[in-house]
Amino acid sequence: MLNITENQSLKQHNTFGIDVKARRFLQVTDEAALPELFASGALADGALLILGGGSNMLFTKDFEGLVIQIAIGGLEQQETADGDVLVTAGAGIVWNDFVQFAVNNDLAGAENLSLIPGTVGASPVQNIGAYGVELKDIFEDCRVFNLETGEFREFSNADCRFGYRDSIFKQELKGKVIITHVRFRLKRHAELNISYGAIGSELERRGITDPGIKDVAAVVSEIRVSKLPDPSTIGNAGSFFKNPVIEKYEFAEVVAKHPEVVHFATGDGRVKLAAGWLIEQCGWKGKVVGHTGTWKNQALVLVNHGGATGQEVYDLSSQIIESVKQTFGVELEREVNIL
Ligand code: FAD
Ligand code: EPU
């Protein structure tokens, strides 16, 4: 039986804490509900939104359609012949619970992605990444329900076409499929990635010369807590914009005027600029604008200081885009989904 409710508040379902409603709302805890939903005809009746933890969403108005909130559980591990471990997680598992499971079982690969909010099912959508690791580095495959055909199929790593904060699920399959399970390939023998500067310096500060999986997870968690606001007290969706990736000739123009610009080589001849730095240089860091603002320790994070509407946050983001464009000639792109 499908328990679709009406006029459901989404305030507890988005980390910005924006108070909007969904006209219809269904929580799915078992993938068997999806063929039933397809057969019911409810999917053909207006707009659809797939929702995990709502930590990459900005609602600017009520959602006049059906919100399908994915709460499918389950966490299983399986040894492979080559000594790796495949962990299958239901899409509704809280991302950090999966990471903790891996860390506590001495399985390497997920530790740099500690403390990222949201669900397992959303992790392939923007190929989540932090501290030198991306989801694609540990992703084996995922199971997907197609809302247009009513069929299940598996997507391999190559099928997902992962890029920086990008995948097929953000492009041609946007809103057309539901990820029900993700399978991760983790390593028994730790291959730690401590290349991100802040990890190395924090390990050194702690006097750790031969770090293990738990040390890296602990250090990443501490760095994150020091930089990012906790959505349970200050509404936010993490980085509001992507770090802009520009061509070499465009970079030459920026660096000629701003030699100190913070940048990183992407490996394909292009250059990634630190959006937080660009925004800070334009004077936005820690600025309060009505009920909104940018975070005092990370200018890339827009916050709800309490009572903000989604439109206010969106308007602030437009002002920031304009200001960075004027100063640096670089166009910021929003990372957060705007609804
Ligand atoms: P939602 O916000 O609910 O949805 C995000 C998108 O995925 C939407 O398009 C939605 O339709 C789609 N989606 C959700 N579930 C499914 C599903 N099962 N099947 C198909 N589509 C689905 N992100 C990073 O990459 N790195 C970070 O370091 C990081 N730090 C953050 C820090 C903070 C404090 C916050 C609040 C956010 C941060 N984020 C970060 C962003 C966010 O955590 C990720 O994008 C996360 O994967 C979103 O998960 P969610 O379940 O909340 O997805
Ligand atoms: N910086 C500033 N001022 C700021 C913020 C940053 O000058 O206000 C500079 C820093 O000093 C540093 C550089 O910008 O030199 C990069 O900063 P940081 O290491 O904090 O990372 P980021 O590029 O701002 C990205 C991701 C984060 C991820 C961190 C760690 C994007 C859009 N954001 O942020 O992901 O956690 O790296 O790997 O790629 C998210 O996607 O929601 C998110 C939080």
Side-chain angles (χ1 to χ4, degrees), residues 10 13-17 28 31 48-59 67-72 90-96 112-135 142-145 147 164-165 167 169-170 173-182 196-199 220 223-232 234-245 260-264 272-281 284-286 294-303 332-339:
L10 295 177
H13 290 285
N14 73 96
T15 58
F16 257 119
V28 170
E31 70 166 38
L48 294 176
L49 174 66
I50 321 302
L51 189 64
S55 62
N56 207 26
M57 295 275 182
L58 178 67
F59 289 103
V67 171
I68 307 172
Q69 202 262 323
I70 305 303
I72 298 169
I93 295 285
V94 169
W95 173 262
N96 199 48
N112 293 47
L113 304 175
S114 290
L115 232 55
I116 296 181
T119 58
V120 161
S123 64
V125 176
Q126 73 154 0
N127 181 26
I128 58 170
Y131 298 94
V133 172
E134 287 185 329
L135 185 272
C142 65
R143 184 165 160 81
V144 155
F145 180 77
L147 293 161
Y164 167 59
R165 294 295 189 274
S167 76
F169 307 114
K170 270 182 85 171
L173 292 182
K174 190 175 169 67
K176 294 183 181 158
V177 297
I178 292 179
I179 296 164
T180 63
H181 297 84
V182 181
Y196 208 88
I199 300 184
V220 166
I223 300 168
R224 292 184 67 95
V225 167
S226 73
K227 284 196 173 180
L228 297 166
D230 175 357
S232 67
I234 307 239
N236 76 93
S239 301
F240 199 88
F241 306 98
K242 290 187 195 179
N243 284 324
V245 178
E260 68 293 6
V261 62
V262 178
H263 64 280
F264 312 90
K272 188 188 269 186
L273 305 182
W277 184 87
L278 299 174
I279 297 168
E280 179 174 352
Q281 297 305 304
W284 290 102
K285 190 168 183 174
T294 65
W295 186 234
K296 58 183 185 336
N297 301 332
Q298 225 312 354
L300 194 46
V301 177
L302 269 54
V303 296
L332 293 181
E333 187 188 333
R334 295 178 182 89
E335 185 206 79
V336 171
N337 296 279
I338 311 294
L339 280 145

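Just so you know, ligand 1 is whichever comes first in the structure, and atom 1 is the first atom listed for that ligand. Residue numbers start at 1 and run along the sequence shown.
The NZ atom of K285 sits 6.5 Å away from atom CG of N297, with the distance rounded to the nearest 0.5 Å. Between atom CD1 of residue I178 and atom CG of residue L147 there is a gap of 4.5 Å, rounded to the nearest 0.5 Å. Here N337 contributes atom CG and F59 contributes atom CZ; the two are 9.0 Å apart, rounded to the nearest 0.5 Å. Here the CD1-OG distance, from I116 to S55, works out to 9.5 Å after rounding to the nearest 0.5 Å. In this structure, K242 NZ and E333 CD are separated by 4.0 Å, a value rounded to the nearest 0.5 Å. Of the inter-residue distances, the one linking R224 atom CZ with N96 atom CG reads 9.0 Å to the nearest 0.5 angstrom.
Between L339 and L49, the closest side-chain pair of non-hydrogen atoms falls below 4.5 Å. Proximity of R334 to L58: side-chain heavy atoms (C-beta onward) are nowhere separated by under 4.5 Å. When side chains are defined from C-beta on, L228 does not count as touching L115, because their heavy atoms never get closer than 4.5 Å. Residues I50 and F169 form no side-chain contact, since every pair of their non-hydrogen atoms from C-beta on lies 4.5 Å or further apart. Between N243 and L300, some side-chain heavy-atom pair lies under the 4.5 Å cut-off. A heavy-atom distance below 4.5 Å is found between the side chains of F241 and L302. When side chains are defined from C-beta on, F240 counts as touching F16, because their heavy atoms get closer than 4.5 Å. Under the 4.5 Å side-chain criterion, counting only non-hydrogen atoms from C-beta, E134 is in contact with Y164.
The N/O atoms of N127, backbone and side chain alike, include none that comes under 3.5 Å of an N/O atom in ligand 1. Between G52 and ligand 1, an N or O atom pair is found at a separation short of 3.5 Å. Among the atoms of G54, some N or O lies under 3.5 angstrom from an N or O of ligand 1. Considering backbone and side-chain N/O of G129, one or more are found under 3.5 Å from N/O of ligand 1. No N or O atom of N236 sits closer than 3.5 Å to an N or O atom of ligand 1. The N/O atoms of I50, backbone and side chain alike, include one that comes under 3.5 Å of an N/O atom in ligand 1. For L49, no nitrogen or oxygen atom sits less than 3.5 Å from a nitrogen or oxygen atom of ligand 1, counting backbone and side chain alike. Below 3.5 Å of separation, one finds no N or O of P229 facing any N or O of ligand 1. Close N/O approach between S55 and ligand 1 is found [any backbone or side-chain N/O within under 3.5 Å].
Taking both residues in full, the closest heavy atoms of A274 and F264 are given as CB-CE1, 4.2 Å, listed atom of the first, atom of the second, then distance. For the residue pair V261 and L273, the shortest heavy atom distance occurs at CG2-CD2, 4.2 Å. V303 approaches P229 most closely through the heavy-atom pair CG1-CG, 4.0 Å.
Proximity of N56 to ligand 1, defined as any heavy-atom pair under 4.0 Å, is shared by backbone and side chain alike. Residue-level proximity to ligand 1 for I128 is carried by backbone and side chain together, each with a heavy atom below 4.0 angstrom. When non-hydrogen atoms are compared, ligand 1 lies under 4.0 Å from neither the backbone nor the side chain of K170.
In this structure, the protein non-hydrogen atom closest to atom 40 (C) of ligand 1 is I116 CG2, 3.8 Å. In terms of protein heavy-atom proximity, atom 8 (C) of ligand 1 is nearest to M57 CE, 3.4 Å. Considering only non-hydrogen protein atoms, atom 50 (P) of ligand 1 sits nearest to G53 N, 3.4 Å. Here the protein heavy atom with the shortest distance to atom 35 (C) of ligand 1 is G238 N, 3.3 Å. Closest protein heavy atom to atom 46 (C) of ligand 1: P117 O, 3.6 Å.
Here is the list of ligand 1 atoms found below 4.0 Å of a heavy atom in A130: 28 (O). Of all the atoms in ligand 1, the ones that sit under 4.0 Å from a non-hydrogen atom of N337 are 5 (C), 6 (C), 8 (C), 9 (O). Shown in contact with Q126 at under 4.0 Å from a heavy atom are these atoms of ligand 1, numbered in order with element: 23 (N), 24 (C), 25 (O), 41 (C), 44 (C), 45 (O). For ligand 1, the atoms closer than 4.0 angstrom to any heavy atom of R224 are 27 (C), 28 (O), 29 (C), 30 (N), 31 (C), 32 (C). Residue contact check: V177 has heavy atoms under 4.0 Å from atoms 20 (C) of ligand 1. Of all the atoms in ligand 1, the ones that sit under 4.0 Å from a non-hydrogen atom of G118 are 49 (O), 50 (P), 51 (O), 52 (O). Close approach to T119 involves these atoms of ligand 1, each under 4.0 Å from a residue heavy atom: 49 (O), 50 (P), 51 (O). Under a 4.0 Å criterion applied to the non-hydrogen atoms of R165, ligand 1 contributes the atoms 24 (C), 25 (O), 26 (N).
Contact shell of ligand 2 (protein heavy atoms, cutoff 4.0 Å): A130, Y131, Y164, R165, Y196, R224, K227, G238, S239, F241, K242, N243, V262, A274, G276, W277, E280, K285, Q298, A299, L300, E335.
Counting only distance, with no hydrogens or angles, the side chain of N112 and the backbone of Y131 share a donor-acceptor pair below 3.5 Å. The backbone N or O of H263 lies less than 3.5 Å from no partner atom in the side chain of W277, so there is not a single donor-acceptor pair. When atom types are taken as modelled, the side chain of R165 and the backbone of G129 share a donor-acceptor pair closer than 3.5 angstrom.
Considering only non-hydrogen atoms, atom 19 (N) of ligand 1 lies nearest to I179 out of I179, L113, I68. With distances taken over non-hydrogen atoms, the option nearest atom 12 (C) of ligand 1 out of V301, L115, V125, I234 is V125. Here atom 49 (O) of ligand 1 lies nearest to A122 when heavy atoms of G175, P231, A122 are compared.
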